[in-house]
A.B. asks: 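Mind looking over this structure? Questions follow.
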Amino acid sequence: MTDLLLSPTVSAQDTFLSRRRRDRAASRIRATSASPSPARRAFSMSPASHRRRRSSILAEPGSEMNETLSQYLPRPTPKQAAEPIVGSYALAFDIDGVLMRSGDPIPVAPEALRMLNGDNEYNVRVPYIFVTNGGGKTEEQRCKEFSEKMETPVSPNQFIQGHTPMRELRKKYGTVLVVGGIGEACRQVAEQYGFADVVTPGDILKWNPNVCPFRTLTDEEHKNSRYRDFSQVKIEAILVFADSRDWAADQQIILDLLLSKDGVMGTVSETYEEGPPLYFAHNDFVWATNYDQSRYGMGALQVSISALYKAHTNKELFVTKYGKPNYETFKYANNLLAEWREKIFGHKSDPTTVYFVGDTPESDIQFANKFDDSWHSILVKTGVYQEGTVPKHKPKVIVDNVLEAVKYVLEREHGVHEEEYILEEDEEELD
Ligand code: G3P
Ligand code: MG
């Protein structure tokens with residue numbers, strides 16, 4: 001099957017076959033029912049074996065396990081007469097600019113997920129996960145809200161935020177500064193991940209408001225922030241979990257620590273190389289919101305901090321980045337998908353193809369193209385990418401929106417394709 005970069009005006013459905021070819025191919029299929037069509041090869045399990053497998057992966061009825069898993073098992077829709085089969089491929093979705101914008105669902109998004117849950121003409125269910133660079137809430141909170149917006153249950157077991165893989169850092173560091181997000185939310189995330197000692201910029205400002213002379217904590221921030229003597233505390237790492245709500249104060253405190261001796265506020269290193277390491281949950285320079293033009297994101301904050309550090313020290317700042325398009329997140333996404341497919345769908349083998357739907361060429365398309373040939377990048381026009389521009393990283397296909405992306409995938413996997421038509425015609429000629 002050839003991978004085509006669609007011109008923005010061509011719909012996914014029209015790409016594979018012209019209408020004439022489709023009609024011819026469809027009549028060919030009706031006429032040749034003896035041999036299984038190539039489309040069938042995309043299914044890795046027969047309905048019967050799927051039924052068997054499905055019952056074998058569920059725990060005893062009524063058990064906690066059964067309840068947990070079964071709520072994420074997509075149910076057949078009334079349209080479906082038979083038990084749907086499960087696609088051997090999978091999808092992974094970016095969120096902002098693909099399914100949501102500024103907290104509002106993109107109108108076609110729920111329908112796109114419904115299709116993957118079985119509401120499609122091929123009677124197939126397709127496993128999928130979400131890989132967002134966003135964050136600032138626990139995976140459970142985020143999934144609860146997201147499920148409502150998407151009108152379908154979404155499990156934390158199919159969901160990665162920018163900071164999700166950073167939970168592993170709890171094993172490496174004791175006291176950490178967690179930056180970004182609203183109020184105390186990121187502290188709660190870090191504590192839920194198991195970090196032993198989490199401090200926030202608010203705690204530092206409560207200790208000494210002169211750290212940032214133009215920033216006054218609100219009454220609520222003051223109440224929630226935890227007082228301690230930071231002249232005696234060694235901060236071992238700086239973790240930027242989510243977008244900063246106050247670049248000025250957050251940058252000042254991050255710089256103070258980077259330039260410090262062993263992460264102690266009020267100290268200054270002579271070499272500027274004794275401060276704690278800096279980690280970012282992602283490095284999106286811009287992202288899609290409800291404003292027409294993309295807004296600066298965490299990657300832009302990194303540029304700013306690095307420039308300040310360089311101006312101050314004449315040295316390059318080293319930052320460890322998670323999120324798309326970085327490998328750590330790719331590895332995490334693959335593992336998550338493998339577990340999700342096995343637990344919920346009973347699939348132990350690797351997916352034949354992972355379709356990744358994103359809106360940001362620098363993050364999503366690079367991520368999908370970079371590490372594994374079985375990933376297939378799909379760029380939508382509802383986010384950062386602007387129609388008429390040349391994406392910095394070339395997707396396999398560009399479509400209007402996430403619904404078109406799902407239709408494209410289903411068509412690519414199950415539709416009657418030109419190759420099939422040619423193959424059958426050749427076979428006929430041999431007869
Ligand atoms: O802060 C979130 C943003 O930069 C991008 O989120 O879902 O497009 O990866 P997403
Ligand atoms: Mg996005």
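One-based numbering, in listed order, for ligands and for the atoms of each.
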A.B. asks: What count do you get for protein N/O/S atoms less than 2.8 Å from the Mg ion (ligand 2)?
C.D. replies: 3

A.B. asks: In terms of side-chain geometry, is the basic nitrogen of R228 or D197 positioned less than 4.0 Å from the acidic oxygen of its partner?
C.D. replies: yes

A.B. asks: Does a side-chain N-to-carboxylate-O contact under 4.0 Å join E168 and K171?
C.D. replies: yes

A.B. asks: Can D94 and K324 be counted as an ion pair, charged N to O under 4.0 angstrom?
C.D. replies: yes

A.B. asks: Does a side-chain N-to-carboxylate-O contact under 4.0 Å join D400 and K381?
C.D. replies: yes

A.B. asks: Measure up the F330 and F371 rings against each other and bin them: parallel (under 30°), tilted (30 to 60°), perpendicular (over 60°).
C.D. replies: tilted

A.B. asks: What I want to find out is whether E184 reaches K223 closely enough, with some N-O distance under 4.0 Å, to be called a salt bridge.
C.D. replies: no

A.B. asks: Counting only nitrogen or oxygen atoms and a 3.5 angstrom limit, does T132 reach ligand 1?
C.D. replies: yes

A.B. asks: For ligand 1, is there an N or O atom under 3.5 Å from any N or O atom of I95?
C.D. replies: yes

A.B. asks: Got a second to check how far S363's OG is from K392's NZ, nearest 0.5 Å?
C.D. replies: 12.5 Å

A.B. asks: Check step by step if side-chain contact (heavy atoms from CB on, under 4.5 Å) holds for C143 and F159.
C.D. replies: CA-CA 8 Å; C143 284; F159 201 90; 3.5 Å; yes

A.B. asks: Counting non-hydrogen protein atoms only, what is the nearest one to atom 4 (O) of ligand 1? Give residue, atom name and distance.
C.D. replies: D284 OD2, 2.9 Å

A.B. asks: Is D243 touching ligand 1 with its side chain, its backbone, both, or neither, if touching means heavy atoms under 4.0 Å apart?
C.D. replies: side chain

A.B. asks: Which option, T360, I160, D94, owns the non-hydrogen atom nearest atom 9 (O) of ligand 1?
C.D. replies: D94

A.B. asks: Is it true that N335 and E339 share a donor-acceptor pair across their side chains at a distance under 3.5 Å?
C.D. replies: no

A.B. asks: Do the side-chain N and O atoms of N117 and T152 include a donor-acceptor pair separated by under 3.5 angstrom?
C.D. replies: yes

A.B. asks: For atom 2 (C) of ligand 1, what's the nearest protein heavy atom and its distance?
C.D. replies: G134 CA, 3.4 Å

A.B. asks: List the closest protein heavy-atom neighbour of atom 6 (O) of ligand 1: residue, atom name, distance to the nearest 0.1 Å.
C.D. replies: D96 OD2, 3.1 Å

A.B. asks: Does ligand 1 have any atom sitting under 4.0 Å from a heavy atom of H282?
C.D. replies: yes

A.B. asks: How does K324 reach ligand 1, by side chain, by backbone, by both or by neither, if only non-hydrogen atoms under 4.0 Å count?
C.D. replies: side chain

